[in-house]
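Input: a single structure, listed below in structure tokens.
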Protein chains: 2
Amino acid sequence: MARTTLSADAVVDVALRILDEDSPAALTLSAVAGRAGVATPSLYKHVRNLAELRDLLSARIMNEIADQVGEAVLGRSADEAIGALMSAWRNYALAHPNRYAALVHSPEPRTAEAGTRLINIVLATLRAYGMEDSAAIHAARCLRAVVHGFAALESEGAFGLPEKLDESYDLLIHMVITGLHSPRDAGPLP
Amino acid sequence: MARTTLSADAVVDVALRILDEDSPAALTLSAVAGRAGVATPSLYKHVRNLAELRDLLSARIMNEIADQVGEAVLGRSADEAIGALMSAWRNYALAHPNRYAALVHSPEPRTAEAGTRLINIVLATLRAYGMEDSAAIHAARCLRAVVHGFAALESEGAFGLPEKLDESYDLLIHMVITGLHSPRDAGPLP
DNA sequence: CTAAAAAGCTAATGCCATTAGCCTCACCTG
DNA sequence: CAGGTGAGGCTAATGGCATTAGCTTTTTAG
């Protein structure tokens, strides 16, 4: 029966639900097929193999992050934009910890393209600080590393102490904004 | 033959070599057994299962990082210590990308304990900035997130652009140091 | 010297991904 | 309206891996 129900996108949808409701380890083709109401080998008509499904999943997730971060930045600029950007990014990871854990930062084209969308949003935001070209790239990398590090650790439950994580993140935002205002060649501080 | 050759530690050694020479995905009990010159089920005399082997591996790696970071900080303080700490941490990830990728930040006791060693080193370093208690915890979390984010992304090969990564990291160190000198309640900048 | 424990082995089970080859319905074509 | 084609589904089979059970051998403690 050439039903029109299933497609690569639909398979990714199912995989996302498994990810959200179970764990990254529960993401098997068997589980996806079971939930889609289909025999396992049927999935191969839509997806080359498990590795490709993971790639598609990563790309989808990265695009969702770019969407949310892009929306958060709309209509803001400079410090306010940085804060909104960082909060939106972290909030995505908090709302979907398993998705964030499943996100792979590989050179795989689809995910890389979505990653480029995200980086471009960051670069655009940095223009408010007068950063261009190389300087902006370095700063964007730092911003990305900072947010990713916190989000990854937090969604893994790696922060054990009782101190409030919101406060830690506020501090981090503050540190980033301070750093952006202090150009690299400013030399040592007083 | 109750040979004295194999032990849990030796199994972890073999697993580390597989990790270094192949990939995280190549780390199977079969591969470990093969390289150890033993049948697969024999490993269960030393390790409860694959999950425990991964935990032991994580703990080993985390301890190595703590060792290197602790050594880097020795005899330095304040800004110089922060820079040395951040460089040593990143250098470990660069030297052993697969180990860094295999590192899991779970609440698993052994790894958590090694992680505590590392955090204590960071906390001690922060004391040079007059930070204590809660403030130091928040700052330590930020430092950890910053370094982990950069190291994780770099060792995954996530930075695609041609700009030199050393320069990006220098900027990141600069940003962190600047942020540490600017207390949270300093208010907006000029 | 002996007995028990430590550490190894083979065999067997079950899950998973993947491949091969078959079947059937939906739809387009004439 | 008949028929053929292909997308999309299915069953069966294969091979890798983790894990368990139960046996055997070697140390080593007493």
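Keep in mind that this is a model prediction, so the values were computed, not measured. Note on naming: letters A, B, ... go to the chains in the order of the sequence lines (proteins, then strands), and numbering restarts at 1 for each one.
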Under a 4.0 Å heavy-atom cut-off, which of residues 20-50 of chain A touch DNA chain D?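 A:Val38, A:Ala39, A:Pro41, A:Ser42, A:Lys45, A:His46 - these, ordered by number, are the residues of the stretch whose heavy atoms sit under 4.0 Å from the strand.
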B:Thr111 and B:Glu108 side chains, donor-acceptor separation under 3.5 Å: yes
Among A:Val146, A:Val176, A:Leu172, which residue meets the side-chain contact (heavy atoms from CB on, under 4.5 Å) test with B:Cys142?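 Option passing the side-chain contact (heavy atoms from CB on, under 4.5 Å) with B:Cys142: A:Leu172.
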Basic-acidic side-chain contact under 4.0 Å: B:Lys164, B:Asp170: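 Salt bridge between B:Lys164 and B:Asp170, a charged N being under 4.0 Å from a carboxylate O: no.
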What about A:Tyr100 and A:His96, are their ring centers closer than 6.0 Å? no
Is it true that a side-chain atom of B:Ser42 and a backbone atom of B:Ala39 form a donor plus acceptor pair closer than 3.5 Å?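 Indeed, once roles are kept as given, a pair shorter than 3.5 Å links the two residues.
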